[in-house]
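Heads up, the thing below is written out as C-alpha coordinates.
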Protein chains: 2
Amino acid sequence: MNEPPAQKAKSPFPDAAQRKAAREAKREAVLLAAVRMFNERGFHATSLDDVALSLGVSKPTIYHYLGNKDQVLLECVSIGLAQLQQAAEEARRLPGAGIDRLRTFLERYAQVNMDDFGRCVIRTGEELLSPASAARFRAKKREIDDALRALIEEGVADGTVAAPDARLLAFTLAGALNWPARWFDPAGPMSREDAARAMVDVLLQGFAPRP
Amino acid sequence: MNEPPAQKAKSPFPDAAQRKAAREAKREAVLLAAVRMFNERGFHATSLDDVALSLGVSKPTIYHYLGNKDQVLLECVSIGLAQLQQAAEEARRLPGAGIDRLRTFLERYAQVNMDDFGRCVIRTGEELLSPASAARFRAKKREIDDALRALIEEGVADGTVAAPDARLLAFTLAGALNWPARWFDPAGPMSREDAARAMVDVLLQGFAPRP
DNA sequence: GAAAAAATCTACTCACGAGTATATTGCATT
DNA sequence: AATGCAATATACTCGTGAGTAGATTTTTTC
(Lines give C-alpha, C1' and ligand atoms only; values in the text may rest on other atoms or scores of the structure.)
Protein backbone atom coordinates (compact mmCIF):
# COMPACT_ATOMS: atom_id res chain seq x y z
CA MET A 1 0.00 0.00 0.00
CA ASN A 2 2.88 2.33 0.57
CA GLU A 3 5.04 1.00 -2.20
CA PRO A 4 4.36 3.60 -4.84
CA PRO A 5 5.27 6.54 -2.56
CA ALA A 6 8.47 4.77 -1.53
CA GLN A 7 9.46 4.34 -5.14
CA LYS A 8 8.52 7.88 -5.88
CA ALA A 9 10.73 9.20 -3.10
CA LYS A 10 13.69 7.10 -4.18
CA SER A 11 13.40 7.66 -7.88
CA PRO A 12 16.29 9.54 -9.43
CA PHE A 13 13.88 11.06 -11.93
CA PRO A 14 12.34 14.06 -10.24
CA ASP A 15 8.97 15.30 -11.32
CA ALA A 16 8.18 18.92 -12.03
CA ALA A 17 7.36 19.81 -8.43
CA GLN A 18 10.57 18.29 -7.16
CA ARG A 19 12.60 20.14 -9.74
CA LYS A 20 11.03 23.38 -8.74
CA ALA A 21 11.74 22.62 -5.11
CA ALA A 22 15.35 21.80 -5.92
CA ARG A 23 15.75 25.06 -7.70
CA GLU A 24 14.25 26.88 -4.77
CA ALA A 25 16.59 25.09 -2.41
CA LYS A 26 19.58 26.25 -4.44
CA ARG A 27 18.31 29.77 -4.43
CA GLU A 28 18.00 29.68 -0.68
CA ALA A 29 21.43 28.19 -0.28
CA VAL A 30 22.84 31.13 -2.21
CA LEU A 31 20.99 33.57 0.02
CA LEU A 32 22.12 31.87 3.19
CA ALA A 33 25.75 31.81 2.11
CA ALA A 34 25.51 35.42 1.04
CA VAL A 35 23.85 36.70 4.20
CA ARG A 36 26.42 35.01 6.38
CA MET A 37 29.27 36.58 4.50
CA PHE A 38 27.57 39.97 4.46
CA ASN A 39 27.14 39.80 8.23
CA GLU A 40 30.69 38.61 8.76
CA ARG A 41 32.64 40.88 6.43
CA GLY A 42 30.17 43.50 5.37
CA PHE A 43 28.33 43.91 2.09
CA HIS A 44 30.99 45.78 0.16
CA ALA A 45 33.77 43.57 1.37
CA THR A 46 31.94 40.52 0.04
CA SER A 47 32.16 39.91 -3.67
CA LEU A 48 29.78 37.60 -5.43
CA ASP A 49 32.84 35.66 -6.48
CA ASP A 50 33.47 34.98 -2.80
CA VAL A 51 29.92 33.82 -2.26
CA ALA A 52 30.06 31.60 -5.32
CA LEU A 53 33.37 30.15 -4.27
CA SER A 54 32.05 29.28 -0.82
CA LEU A 55 29.33 27.24 -2.51
CA GLY A 56 31.72 25.62 -4.96
CA VAL A 57 30.16 27.25 -8.01
CA SER A 58 31.01 30.20 -10.22
CA LYS A 59 29.60 33.69 -10.27
CA PRO A 60 27.31 33.36 -13.28
CA THR A 61 25.50 30.61 -11.41
CA ILE A 62 24.44 33.17 -8.85
CA TYR A 63 23.21 35.43 -11.61
CA HIS A 64 21.24 32.50 -12.89
CA TYR A 65 19.27 32.36 -9.64
CA LEU A 66 19.24 35.99 -8.63
CA GLY A 67 19.37 39.11 -10.72
CA ASN A 68 22.27 41.03 -9.31
CA LYS A 69 24.01 41.91 -6.10
CA ASP A 70 21.40 44.46 -5.12
CA GLN A 71 18.71 41.85 -5.46
CA VAL A 72 20.67 39.34 -3.41
CA LEU A 73 20.79 41.83 -0.57
CA LEU A 74 17.16 42.83 -0.98
CA GLU A 75 16.10 39.19 -0.78
CA CYS A 76 18.17 38.68 2.33
CA VAL A 77 16.66 41.59 4.20
CA SER A 78 13.22 40.68 2.94
CA ILE A 79 13.48 37.29 4.56
CA GLY A 80 14.45 38.87 7.86
CA LEU A 81 11.68 41.40 7.60
CA ALA A 82 9.14 38.67 6.84
CA GLN A 83 10.14 36.94 10.06
CA LEU A 84 9.62 40.13 11.99
CA GLN A 85 6.32 40.77 10.28
CA GLN A 86 5.11 37.32 11.16
CA ALA A 87 6.04 37.92 14.79
CA ALA A 88 4.06 41.15 14.70
CA GLU A 89 1.00 39.50 13.22
CA GLU A 90 1.06 36.73 15.76
CA ALA A 91 1.28 39.17 18.62
CA ARG A 92 -1.52 41.25 17.19
CA ARG A 93 -3.77 38.20 17.05
CA LEU A 94 -2.97 37.18 20.62
CA PRO A 95 -5.61 37.63 23.33
CA GLY A 96 -4.71 39.14 26.69
CA ALA A 97 -3.41 42.32 28.24
CA GLY A 98 -1.51 44.80 26.10
CA ILE A 99 1.70 44.43 28.02
CA ASP A 100 1.76 40.67 27.56
CA ARG A 101 1.20 40.87 23.83
CA LEU A 102 3.85 43.55 23.56
CA ARG A 103 6.22 41.44 25.55
CA THR A 104 5.69 38.42 23.35
CA PHE A 105 6.41 40.46 20.27
CA LEU A 106 9.52 42.06 21.73
CA GLU A 107 11.06 38.76 22.69
CA ARG A 108 10.48 37.31 19.28
CA TYR A 109 11.75 40.50 17.68
CA ALA A 110 15.00 40.27 19.63
CA GLN A 111 15.43 36.62 18.71
CA VAL A 112 15.05 37.33 15.02
CA ASN A 113 17.67 40.04 15.26
CA MET A 114 20.15 37.51 16.57
CA ASP A 115 19.67 35.26 13.56
CA ASP A 116 21.27 35.40 10.13
CA PHE A 117 18.62 37.25 8.19
CA GLY A 118 17.48 39.45 11.04
CA ARG A 119 21.02 40.56 11.70
CA CYS A 120 21.29 41.51 8.07
CA VAL A 121 18.18 43.69 8.32
CA ILE A 122 19.76 45.67 11.13
CA ARG A 123 23.20 45.92 9.65
CA THR A 124 22.02 46.98 6.23
CA GLY A 125 21.91 50.71 5.77
CA GLU A 126 19.73 52.08 3.04
CA GLU A 127 22.73 53.43 1.22
CA LEU A 128 23.74 49.88 0.33
CA LEU A 129 20.64 49.30 -1.77
CA SER A 130 19.59 50.81 -5.06
CA PRO A 131 17.06 53.60 -4.68
CA ALA A 132 14.22 51.31 -5.77
CA SER A 133 15.19 48.54 -3.37
CA ALA A 134 15.81 51.00 -0.57
CA ALA A 135 12.26 52.27 -0.97
CA ARG A 136 10.82 48.78 -0.58
CA PHE A 137 13.12 48.14 2.35
CA ARG A 138 12.02 51.31 4.06
CA ALA A 139 8.36 50.56 3.48
CA LYS A 140 8.60 47.16 5.08
CA LYS A 141 10.54 48.43 8.06
CA ARG A 142 7.90 51.05 8.43
CA GLU A 143 5.21 48.41 8.71
CA ILE A 144 7.05 46.67 11.53
CA ASP A 145 7.50 49.93 13.28
CA ASP A 146 3.81 50.74 12.93
CA ALA A 147 2.90 47.36 14.37
CA LEU A 148 5.13 47.96 17.35
CA ARG A 149 3.62 51.35 17.91
CA ALA A 150 0.10 49.95 17.66
CA LEU A 151 0.93 47.31 20.22
CA ILE A 152 2.24 49.98 22.55
CA GLU A 153 -0.82 52.13 22.07
CA GLU A 154 -3.13 49.24 22.79
CA GLY A 155 -1.23 48.63 26.00
CA VAL A 156 -1.51 52.27 26.96
CA ALA A 157 -5.22 52.13 26.20
CA ASP A 158 -5.85 49.17 28.52
CA GLY A 159 -3.62 50.69 31.17
CA THR A 160 -1.00 47.94 31.24
CA VAL A 161 1.74 49.92 29.49
CA ALA A 162 3.18 53.23 30.67
CA ALA A 163 4.35 55.39 27.78
CA PRO A 164 4.31 59.18 27.75
CA ASP A 165 5.31 59.08 24.08
CA ALA A 166 4.58 55.94 22.06
CA ARG A 167 6.82 56.93 19.18
CA LEU A 168 9.81 57.48 21.40
CA LEU A 169 9.20 54.31 23.35
CA ALA A 170 9.01 52.38 20.09
CA PHE A 171 12.38 53.74 18.97
CA THR A 172 13.92 53.06 22.34
CA LEU A 173 12.73 49.48 22.51
CA ALA A 174 13.63 48.81 18.92
CA GLY A 175 17.10 50.23 19.43
CA ALA A 176 17.78 48.13 22.49
CA LEU A 177 16.60 44.97 20.75
CA ASN A 178 18.30 45.70 17.44
CA TRP A 179 21.68 46.00 19.02
CA PRO A 180 22.21 42.27 19.57
CA ALA A 181 22.64 42.13 15.80
CA ARG A 182 26.04 43.67 16.54
CA TRP A 183 27.09 42.04 19.78
CA PHE A 184 25.31 38.75 20.26
CA ASP A 185 27.49 35.70 19.82
CA PRO A 186 25.57 32.44 19.43
CA ALA A 187 28.66 30.61 20.61
CA GLY A 188 28.63 32.57 23.85
CA PRO A 189 27.19 31.48 27.20
CA MET A 190 23.63 32.74 26.68
CA SER A 191 21.00 31.30 24.41
CA ARG A 192 19.06 33.61 22.16
CA GLU A 193 15.95 32.96 24.19
CA ASP A 194 17.60 33.79 27.50
CA ALA A 195 19.21 36.92 26.17
CA ALA A 196 15.95 38.09 24.62
CA ARG A 197 13.98 37.47 27.77
CA ALA A 198 16.52 39.17 30.00
CA MET A 199 16.66 42.25 27.78
CA VAL A 200 12.90 42.57 27.63
CA ASP A 201 12.75 42.23 31.41
CA VAL A 202 15.13 45.11 31.86
CA LEU A 203 13.14 47.27 29.49
CA LEU A 204 9.91 46.38 31.17
CA GLN A 205 11.09 46.99 34.72
CA GLY A 206 13.56 49.78 34.16
CA PHE A 207 16.87 49.99 35.96
CA ALA A 208 15.56 52.04 38.89
CA PRO A 209 14.74 49.70 41.76
CA ARG A 210 11.05 49.01 42.27
CA PRO A 211 9.76 49.15 45.79
CA MET B 1 48.45 100.22 25.04
CA ASN B 2 46.41 97.85 22.95
CA GLU B 3 47.73 98.98 19.64
CA PRO B 4 50.25 96.24 19.05
CA PRO B 5 47.70 93.46 19.58
CA ALA B 6 45.22 95.22 17.31
CA GLN B 7 47.83 95.41 14.58
CA LYS B 8 48.78 91.85 15.22
CA ALA B 9 45.20 90.63 14.79
CA LYS B 10 44.72 92.60 11.60
CA SER B 11 48.03 91.85 10.03
CA PRO B 12 47.86 89.77 6.86
CA PHE B 13 51.18 88.20 7.79
CA PRO B 14 50.41 85.32 10.12
CA ASP B 15 53.02 84.14 12.56
CA ALA B 16 53.98 80.56 13.09
CA ALA B 17 51.29 79.84 15.66
CA GLN B 18 48.58 81.25 13.45
CA ARG B 19 49.75 79.24 10.50
CA LYS B 20 49.65 76.10 12.53
CA ALA B 21 46.14 76.94 13.72
CA ALA B 22 45.02 77.59 10.15
CA ARG B 23 46.35 74.26 9.08
CA GLU B 24 44.54 72.57 11.93
CA ALA B 25 41.33 74.36 10.99
CA LYS B 26 41.59 73.04 7.44
CA ARG B 27 42.18 69.56 8.68
CA GLU B 28 39.09 69.77 10.80
CA ALA B 29 37.05 71.18 7.97
CA VAL B 30 38.00 68.16 5.89
CA LEU B 31 36.95 65.82 8.68
CA LEU B 32 33.64 67.58 9.19
CA ALA B 33 32.81 67.53 5.51
CA ALA B 34 33.80 63.88 5.32
CA VAL B 35 31.85 62.75 8.35
CA ARG B 36 28.71 64.44 7.12
CA MET B 37 28.94 62.76 3.76
CA PHE B 38 29.75 59.40 5.35
CA ASN B 39 26.68 59.70 7.55
CA GLU B 40 24.49 60.81 4.70
CA ARG B 41 25.53 58.45 1.92
CA GLY B 42 27.62 55.85 3.64
CA PHE B 43 31.38 55.39 3.64
CA HIS B 44 31.73 53.39 0.45
CA ALA B 45 29.34 55.58 -1.46
CA THR B 46 31.45 58.62 -0.61
CA SER B 47 34.59 59.11 -2.65
CA LEU B 48 37.32 61.43 -1.51
CA ASP B 49 36.77 63.28 -4.77
CA ASP B 50 33.26 64.03 -3.52
CA VAL B 51 34.55 65.30 -0.21
CA ALA B 52 37.17 67.42 -1.91
CA LEU B 53 34.65 68.84 -4.34
CA SER B 54 32.31 69.82 -1.53
CA LEU B 55 35.13 71.87 -0.06
CA GLY B 56 36.10 73.36 -3.41
CA VAL B 57 39.50 71.68 -3.48
CA SER B 58 40.99 68.65 -5.20
CA LYS B 59 41.66 65.19 -3.87
CA PRO B 60 45.42 65.52 -3.35
CA THR B 61 44.71 68.36 -0.96
CA ILE B 62 42.98 65.89 1.31
CA TYR B 63 45.96 63.59 1.10
CA HIS B 64 48.07 66.54 2.09
CA TYR B 65 46.19 66.80 5.39
CA LEU B 66 45.29 63.19 6.03
CA GLY B 67 47.02 60.02 5.01
CA ASN B 68 44.33 58.06 3.24
CA LYS B 69 40.65 57.23 3.35
CA ASP B 70 41.04 54.76 6.17
CA GLN B 71 42.71 57.41 8.26
CA VAL B 72 40.00 59.94 7.48
CA LEU B 73 37.43 57.53 8.86
CA LEU B 74 39.56 56.60 11.84
CA GLU B 75 39.96 60.27 12.75
CA CYS B 76 36.23 60.83 12.45
CA VAL B 77 35.30 58.00 14.77
CA SER B 78 38.11 58.93 17.13
CA ILE B 79 36.62 62.38 17.57
CA GLY B 80 33.24 60.88 18.41
CA LEU B 81 34.79 58.38 20.77
CA ALA B 82 36.74 61.13 22.51
CA GLN B 83 33.47 62.94 23.18
CA LEU B 84 31.99 59.81 24.68
CA GLN B 85 35.08 59.19 26.72
CA GLN B 86 34.96 62.68 28.10
CA ALA B 87 31.34 62.16 29.09
CA ALA B 88 32.33 58.97 30.86
CA GLU B 89 35.16 60.63 32.76
CA GLU B 90 32.94 63.48 33.87
CA ALA B 91 30.30 61.10 35.16
CA ARG B 92 32.90 59.04 36.96
CA ARG B 93 34.17 62.14 38.75
CA LEU B 94 30.68 63.23 39.76
CA PRO B 95 29.60 62.91 43.40
CA GLY B 96 26.20 61.49 44.35
CA ALA B 97 24.16 58.32 44.05
CA GLY B 98 25.07 55.75 41.43
CA ILE B 99 21.82 56.12 39.56
CA ASP B 100 22.25 59.86 39.15
CA ARG B 101 25.77 59.58 37.84
CA LEU B 102 24.66 56.84 35.45
CA ARG B 103 21.80 58.95 34.30
CA THR B 104 24.02 61.93 33.61
CA PHE B 105 26.33 59.79 31.53
CA LEU B 106 23.52 58.16 29.58
CA GLU B 107 21.97 61.47 28.61
CA ARG B 108 25.24 62.83 27.39
CA TYR B 109 25.97 59.57 25.61
CA ALA B 110 22.70 59.81 23.72
CA GLN B 111 23.33 63.40 22.78
CA VAL B 112 26.73 62.61 21.34
CA ASN B 113 25.18 59.85 19.25
CA MET B 114 22.86 62.37 17.66
CA ASP B 115 25.76 64.53 16.54
CA ASP B 116 27.96 64.26 13.47
CA PHE B 117 30.93 62.42 14.90
CA GLY B 118 28.98 60.31 17.35
CA ARG B 119 26.64 59.15 14.61
CA CYS B 120 29.66 58.09 12.64
CA VAL B 121 30.93 55.98 15.54
CA ILE B 122 27.67 54.07 15.59
CA ARG B 123 27.27 53.70 11.87
CA THR B 124 30.81 52.56 11.27
CA GLY B 125 31.21 48.83 11.25
CA GLU B 126 34.64 47.43 11.86
CA GLU B 127 34.72 45.95 8.39
CA LEU B 128 35.08 49.46 6.97
CA LEU B 129 38.42 50.05 8.62
CA SER B 130 41.78 48.47 7.97
CA PRO B 131 42.65 45.74 10.46
CA ALA B 132 45.02 48.05 12.32
CA SER B 133 42.49 50.87 12.56
CA ALA B 134 39.72 48.47 13.48
CA ALA B 135 41.78 47.26 16.41
CA ARG B 136 42.21 50.79 17.73
CA PHE B 137 38.54 51.48 17.15
CA ARG B 138 37.53 48.37 19.05
CA ALA B 139 39.85 49.17 21.93
CA LYS B 140 38.39 52.62 22.40
CA LYS B 141 34.81 51.39 22.21
CA ARG B 142 35.74 48.83 24.76
CA GLU B 143 36.86 51.53 27.17
CA ILE B 144 33.54 53.32 26.88
CA ASP B 145 31.73 50.10 27.45
CA ASP B 146 33.82 49.34 30.51
CA ALA B 147 33.09 52.77 31.90
CA LEU B 148 29.38 52.22 31.43
CA ARG B 149 29.58 48.88 33.11
CA ALA B 150 31.54 50.33 36.02
CA LEU B 151 28.94 53.03 36.49
CA ILE B 152 26.23 50.40 36.55
CA GLU B 153 28.11 48.30 39.06
CA GLU B 154 28.66 51.25 41.33
CA GLY B 155 24.94 51.91 41.23
CA VAL B 156 24.19 48.31 42.05
CA ALA B 157 26.67 48.50 44.92
CA ASP B 158 25.01 51.52 46.50
CA GLY B 159 21.56 50.03 45.89
CA THR B 160 20.27 52.74 43.57
CA VAL B 161 20.43 50.66 40.40
CA ALA B 162 18.64 47.37 39.81
CA ALA B 163 20.54 45.11 37.44
CA PRO B 164 20.52 41.32 37.57
CA ASP B 165 23.24 41.30 34.91
CA ALA B 166 25.41 44.38 34.48
CA ARG B 167 26.80 43.27 31.13
CA LEU B 168 23.39 42.73 29.63
CA LEU B 169 22.05 45.98 31.03
CA ALA B 170 25.00 47.81 29.54
CA PHE B 171 24.31 46.36 26.10
CA THR B 172 20.63 47.10 26.39
CA LEU B 173 21.12 50.72 27.40
CA ALA B 174 23.83 51.26 24.83
CA GLY B 175 21.66 49.81 22.10
CA ALA B 176 18.69 51.97 22.95
CA LEU B 177 20.85 55.10 23.03
CA ASN B 178 22.88 54.25 19.94
CA TRP B 179 19.84 53.93 17.78
CA PRO B 180 19.16 57.66 17.49
CA ALA B 181 22.24 57.69 15.25
CA ARG B 182 19.90 56.10 12.71
CA TRP B 183 16.59 57.80 13.33
CA PHE B 184 17.10 61.13 15.01
CA ASP B 185 16.46 64.13 12.80
CA PRO B 186 17.79 67.41 14.19
CA ALA B 187 15.27 69.23 12.01
CA GLY B 188 12.43 67.34 13.70
CA PRO B 189 10.24 68.56 16.55
CA MET B 190 12.42 67.35 19.42
CA SER B 191 15.71 68.78 20.56
CA ARG B 192 18.60 66.44 21.23
CA GLU B 193 18.36 67.22 24.92
CA ASP B 194 14.65 66.45 25.11
CA ALA B 195 14.98 63.25 23.17
CA ALA B 196 17.91 62.10 25.28
CA ARG B 197 16.12 62.85 28.52
CA ALA B 198 12.91 61.16 27.44
CA MET B 199 14.73 58.03 26.33
CA VAL B 200 16.69 57.76 29.54
CA ASP B 201 13.48 58.23 31.52
CA VAL B 202 11.87 55.32 29.75
CA LEU B 203 14.90 53.13 30.38
CA LEU B 204 15.02 54.12 34.01
CA GLN B 205 11.34 53.59 34.74
CA GLY B 206 10.55 50.73 32.39
CA PHE B 207 7.36 50.54 30.39
CA ALA B 208 5.43 48.60 33.02
CA PRO B 209 3.37 51.05 35.10
CA ARG B 210 4.75 51.79 38.53
CA PRO B 211 2.26 51.79 41.41
C1' DG C 1 16.41 10.61 -31.10
C1' DA C 2 15.95 15.69 -32.11
C1' DA C 3 14.99 20.08 -30.44
C1' DA C 4 14.45 23.11 -26.76
C1' DA C 5 15.36 24.62 -22.22
C1' DA C 6 18.06 24.71 -17.91
C1' DA C 7 22.35 24.84 -15.57
C1' DT C 8 26.78 25.85 -15.51
C1' DC C 9 31.50 27.26 -16.96
C1' DT C 10 35.57 30.23 -18.80
C1' DA C 11 36.96 34.36 -20.10
C1' DC C 12 36.08 38.61 -20.98
C1' DT C 13 34.59 44.14 -20.54
C1' DC C 14 34.14 48.18 -18.24
C1' DA C 15 33.56 51.77 -14.65
C1' DC C 16 34.89 53.52 -10.62
C1' DG C 17 37.68 55.28 -7.25
C1' DA C 18 41.92 55.02 -4.27
C1' DG C 19 46.19 56.56 -4.38
C1' DT C 20 50.46 58.89 -6.86
C1' DA C 21 53.87 61.36 -9.94
C1' DT C 22 54.90 65.61 -11.03
C1' DA C 23 54.32 70.52 -11.90
C1' DT C 24 53.32 75.20 -10.12
C1' DT C 25 53.03 78.91 -7.14
C1' DG C 26 54.12 81.53 -3.29
C1' DC C 27 55.71 82.43 1.28
C1' DA C 28 59.69 81.87 4.72
C1' DT C 29 64.30 81.74 6.18
C1' DT C 30 69.11 82.70 5.42
C1' DA D 1 68.75 86.61 -4.28
C1' DA D 2 68.69 81.81 -3.35
C1' DT D 3 66.93 77.80 -1.32
C1' DG D 4 63.54 75.26 0.60
C1' DC D 5 59.14 74.01 2.33
C1' DA D 6 53.90 74.37 2.22
C1' DA D 7 49.87 74.16 -0.45
C1' DT D 8 47.57 73.05 -4.28
C1' DA D 9 46.49 71.42 -9.02
C1' DT D 10 46.34 68.26 -13.27
C1' DA D 11 46.54 64.09 -15.02
C1' DC D 12 47.78 59.84 -14.61
C1' DT D 13 48.05 54.28 -12.87
C1' DC D 14 46.15 50.34 -11.40
C1' DG D 15 43.39 46.93 -8.82
C1' DT D 16 38.99 45.27 -7.97
C1' DG D 17 34.73 43.58 -8.69
C1' DA D 18 30.08 43.90 -10.97
C1' DG D 19 28.02 42.29 -14.69
C1' DT D 20 28.00 39.79 -19.55
C1' DA D 21 28.98 37.04 -23.87
C1' DG D 22 29.17 32.89 -25.51
C1' DA D 23 30.36 28.03 -25.20
C1' DT D 24 29.31 23.57 -23.10
C1' DT D 25 26.90 20.08 -20.84
C1' DT D 26 22.92 18.01 -19.01
C1' DT D 27 18.02 17.39 -18.66
C1' DT D 28 13.31 17.64 -20.34
C1' DT D 29 10.00 17.36 -23.75
C1' DC D 30 8.00 15.97 -27.96
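Per chain, numbering begins at 1; letters A, B, ... match sequence-line order.
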Would you say [X] reaches [N]'s phosphate, i.e. side-chain N/O to OP1/OP2 under 4.0 Å?
X: B:His64; N: D:dT8; result: no
X: B:Arg23; N: D:dA6; result: no
X: B:Ser47; N: C:dC16; result: no
X: B:Tyr63; N: D:dA7; result: no

Problem set entry | Nucleotide nearest B:Asn68 (side chain, heavy atoms from C-beta), chosen from D:dA18, D:dA9, C:dG19 |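 The answer is C:dG19.
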
For this session: State which of D:dT10, C:dA18, C:dC9 makes the closest approach to the side chain of B:Pro60.
Result: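 Closest of the options to the side chain of B:Pro60: D:dT10.
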
Problem set entry | Touch class at under 4.0 angstrom, heavy-atom based, for B:Ser58 against every strand present |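 Result for B:Ser58 = base.
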
For this session: Classify the nucleic acid contact of A:Lys59 as base, sugar-phosphate or nothing, counting any heavy atom under 4.0 Å across all strands shown.
Result: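 Here A:Lys59 touches the bases of the nucleic acid.
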
Exercise. Short question: side chain of A:Ser54, backbone of A:Val51 - any donor-acceptor pair under 3.5 Å?
Worked result: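 Flag set: sc A:Ser54 to bb A:Val51 pair under 3.5 Å.
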
How many whole angstroms separate atom [atom1] of [X] from atom [atom2] of [N]?
X: B:Asp50; N: C:dG17; atom1: CG; atom2: C1'; answer: 10 Å
X: A:Asp49; N: C:dC12; atom1: CG; atom2: P; answer: 15 Å
X: A:Leu48; N: D:dT20; atom1: CG; atom2: P; answer: 12 Å
X: B:Lys26; N: D:dA7; atom1: NZ; atom2: C1'; answer: 7 Å
X: B:Leu53; N: C:dA18; atom1: CG; atom2: P; answer: 13 Å
X: A:Gln71; N: D:dA18; atom1: CD; atom2: P; answer: 15 Å
X: B:Phe43; N: C:dG17; atom1: CZ; atom2: P; answer: 13 Å
X: B:Lys69; N: C:dG17; atom1: NZ; atom2: P; answer: 8 Å

Problem set entry | Aromatic ring pairing B:Phe171/A:Trp183, orientation class (parallel under 30°, perpendicular over 60°, tilted between) |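 It falls in the parallel class, under 30°.
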
Exercise. Which is it for B:Glu90 and B:Arg108 under the salt bridge (charged side-chain N to carboxylate O under 4.0 Å, His left out) test, yes or no, and what are the steps along the way?
Worked result: CA-CA 10 Å; B:Glu90 282 173 19; B:Arg108 187 83 193 93; 5.5 Å; no

For this session: Applying side-chain hydrogen bond (donor to acceptor under 3.5 Å, both in side chains), run through B:Gln111 and B:Glu193 and close with a yes or a no.
Result: CA-CA 7 Å; B:Gln111 285 168 19; B:Glu193 290 76 17; 4.9 Å; no

Exercise. So B:Leu204 and B:Leu102, side chain to side chain contact (heavy atoms under 4.5 Å, CB included) or not? Walk me through it.
Worked result: CA-CA 10 Å; B:Leu204 195 134; B:Leu102 177 56; over 6 Å; no

